[in-house]
Amino acid sequence: MPDDALTRFLAVLSPAGRAKVRSQTPEQQRQLAEAWEAELTDDTDLDTLDEISPAAAEDEAAERVIRAFFEQ
């Protein structure tokens with residue numbers, strides 16, 4: 001499992017989400033990965049999902065971050 005947050009973030013995204021993130025500057029990519037990690041840590045709704053399926057929780061958090069960033 002990669003330790004780099006950006007690598008892990010990109011791995012859980014859909015191909016379309018991955019392309020959107022890769023089209024951003026390296027700084028923005030890093031910020032998105034940090035936002036994803038914060039979403040996983042801070043959102044208590046994801047805690048229950050994480051207990052059932054950690055991969056599903058990571059995916060949901062990633063999609064939330066992508067939606068929030070690109071729908072500004």
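- Between Phe69 and Gln28 there is a side-chain heavy-atom pair separated by less than 4.5 Å.
- A distance of 8.0 Å separates CG of Leu40 from CZ of Arg8, quoted to the nearest 0.5 Å.
- Atoms CD and CG, on Glu37 and Asp42 in that order, are 11.0 Å from each other to the nearest 0.5 Å.
- Between Glu63 and Ser14, the shortest heavy-atom distance links the atoms OE2-N, 3.9 Å.
- The distance from the CG atom of Leu32 to the CZ atom of Arg22 is 13.0 Å, given to the nearest 0.5 Å.
- Side-chain contact check for Glu58 versus Trp36: some heavy-atom pair is nearer than 4.5 Å.
- Between the CD1 atom of Ile66 and the CZ atom of Arg18 there is a distance of 10.5 Å, given to the nearest 0.5 Å.
- Annotation: side chain of Leu6 is not in contact with side chain of Arg30 (no heavy-atom distance under 4.5 Å).
- Between the Gln24 side chain and the Gln29 main chain, no donor and acceptor come within less than 3.5 Å of each other.
- Looking at Asp43 and Arg64, their side chains come closer than 4.5 Å, going by heavy atoms from C-beta outward.
- Taking OG1 of Thr41 as the reference point, atom CG of Leu46 lies at 10.0 Å (rounded to 0.5 Å).
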